[in-house]
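Below you'll find the structure, written out as structure tokens, and then a few comments.
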Amino acid sequence: MQRLAPALQQDDVSLELISLIKTILAATKEISFRVGQGHLGGLLGSTLDENIQGEIQKKLDVVANELFKDIILESGFVKAISSEEEDTSVAGNENGKFLVSFDPLDGSSNIDVNSLIGTIFSIHKAPKDMSADDPDMFKQAGHKQICAGYVLYGPSTMLAMTTGKGTHFYVLDRTYGGYLLVERNVQITKDTQEFSINMSNQRFWQSEMKNYVNDLLLGKNGVRNKDYNMRWLGAMVGDVHRVLCRGGIFAYPSDSRDVNKPNKLRLMYEANPMAFLIEQAGGLCVTREGRIMDIEPIDIHQRVEVILGSINEVKACLKYYD
Ligand code: AHM
Ligand code: MG
């Protein structure tokens, strides 16, 4: 099996970007170890602090964020980072060529129940003419990403990553201490009979999404003429991984639970990196209004509706909004 650096060279990735990716992955190896310690590591449970989004931080959220931030900033490769757990961007090396946005531990509610969690990251080029402490550097659309990926801390620690030449899977080999390529050019099936949505929010959805999901539930007895299965892990990183592996549709639609917060998922470090991975695997990632990666960001922590997965199923869903 191919090691990471040669696999990336095959995709024509620059040596500087390979070095940054290796740095990011060094941090994920450390997080993987801490996650695996579970109760023994003394890091389960919550802190008393809230992040900028008003969510109580788990102890492991904070530790993963500090690890990720420190390792990446110390490398000197990045001009700044932004994170789900940081109020605003954090300046790095003024001459750094890259910007990294990340969710250090996605699926935080799974931490204390020993279920799936992961780290999501997105890399952009740093503008040369802006200062390292200017958060506006991050206001770049998803289609300008040069690399995106996630590491899933599951039964095996897996990396899904793209640099724009297909989406590839790697597994952390603990005997060798690095990630090995296990699947090149992952392709999402065009059709599916599996959907992933938090059904408990159904009464808060707009009528289009209600109608679409109702038709899925009717199965062979309805207009879709096939039966569907449902899965919801409570961790986007796990749900998206399943979609990449065997197809499916994953949606976190806008809802009316809180008028000040119609969307849950964050554009910069959840939706955009997943969109890059999904599109590179032949899938679609959209809101009702269009492609996620074409959204011009206005804020580091902005939230967005997400509908992603198998191309024909996402298109079928969008028809309800016509
Ligand atoms: P987090 O980054 O704080 O863990 O929140 C994001 C997560 C996603 O991973 C997941 O799809 C969603 O929130 C789950 O939401 P819900 O609480 O509705 O199940
Ligand atoms: Mg998250």
Side-chain angles (χ1 to χ4, degrees), residues 28 31 35 43-47 49-65 68-69 81-87 100-122 142 148-154 158 160 194-205 209 213 230-244 248-258 261-278 285-287 292 299-309:
T28 65
I31 297 172
V35 167
L43 289 174
L44 299 187
S46 300
T47 65
D49 299 323
E50 276 185 2
N51 62 17
I52 182 108
Q53 342 214 5
E55 299 159 346
I56 292 285
Q57 292 174 304
K58 300 276 183 178
K59 289 180 190 165
L60 214 50
D61 279 329
V62 175
V63 168
N65 184 57
F68 215 74
K69 181 176 69 173
I81 60 104
S82 69
S83 160
E84 177 177 331
E85 307 301 340
E86 298 287 336
D87 294 2
V100 181
S101 305
F102 56 89
D103 179 352
L105 268 190
D106 180 55
S108 303
S109 72
N110 284 349
I111 292 174
D112 294 339
V113 294
N114 197 20
S115 289
L116 273 184
I117 45 181
T119 299
I120 310 173
F121 60 90
S122 157
Y150 60 76
V151 171
L152 186 63
Y153 308 112
M158 273 193 90
E194 198 159 63
F195 70 98
S196 190
I197 195 164
N198 186 342
M199 287 294 295
S200 67
N201 298 328
Q202 189 180 29
R203 68 187 186 283
F204 302 108
W205 299 336
M209 188 52 78
V213 173
M230 197 199 90
R231 288 284 184 274
W232 184 253
L233 293 170
M236 184 190 201
V237 72
D239 283 315
V240 168
H241 187 66
R242 190 189 54 256
V243 168
L244 282 169
I249 183 166
F250 166 93
Y252 214 117
S254 306
D255 63 50
S256 60
R257 272 178 293 171
D258 175 350
K261 210 172 82 177
N263 297 305
K264 167 127 194 195
L265 298 177
R266 275 60 54 108
L267 175 65
M268 305 297 290
Y269 40 79
E270 291 175 331
N272 265 342
M274 293 313 196
F276 198 11
L277 290 163
I278 291 284
C285 185
V286 297
T287 70
I292 295 259
D299 184 77
I300 284 177
H301 298 294
Q302 100 186 57
R303 295 173 189 260
V304 68
E305 173 173 68
V306 175
I307 305 167
L308 65 80

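Note that ligands are numbered from 1 as they come in the structure, with each ligand's atoms numbered from 1 the same way.
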- Query: Between OE2 of Glu270 and OD2 of Asp103, what angle is found at the Mg ion (ligand 2), rounded to 10 degrees?
  - Reply: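 Approximately 110° at the metal, rounded to tens of degrees.
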- Message: Exactly one of Gln302, Glu84, Met236 should register a side-chain contact (heavy atoms from CB on, under 4.5 Å) with Arg266. Which one does?
- Response: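 Exactly one pass, corresponding to Glu84.
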- Query: What residues sit with at least one heavy atom under 4.0 Å from ligand 1?
  - Reply: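 Those residues closer than 4.0 Å to ligand 1 by some heavy atom are Glu55, Glu84, Asp103, Asp106, Gly107, Ser108, Asn198, Trp232, Gly234, Ala235, Met236, Phe250, Tyr252, Lys264, Leu265, Arg266, Glu270.
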- Query: Of all N, O or S atoms in Asp106, which has the smallest distance to the Mg ion (ligand 2)?
  - Reply: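 Closest N, O or S atom of Asp106 to the Mg ion (ligand 2): OD1.
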- Task: Run the ring-centre check on Phe195 versus Trp232 and record whether the distance is less than 6.0 Å.
- Result: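 No - the distance between ring centres of Phe195 and Trp232 does not fall below the 6.0 Å cut-off.
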- Donor-acceptor side-chain pairing of Asn272 and Ser122 below 3.5 angstrom: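 No donor-acceptor contact under 3.5 Å links the two side chains.
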- Side chains of Asn51 and Glu85: do they bring a donor and an acceptor to under 3.5 Å?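 A pair is found: one side chain offers a donor N or O, the other an acceptor, under 3.5 Å apart.
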- Task: Using a strict 4.0 Å threshold on nitrogen-to-oxygen distance, state whether Glu55 and Lys261 make a salt bridge.
- Result: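 A salt bridge is absent here (no side-chain N lies under 4.0 Å from a carboxylate O).
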- Message: If the threshold is 4.0 Å, N to carboxylate O, is there a salt bridge linking Glu194 and Arg242?
- Response: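 The answer is yes: the pair qualifies as a salt bridge.
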- Task: Answer yes or no: are there more than 12 heavy-atom neighbours, outside Asn114 itself, under 6.0 Å from its atom CG?
- Result: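 No, because the 6.0 Å sphere around CG of Asn114 holds 12 heavy atoms or fewer from other groups.
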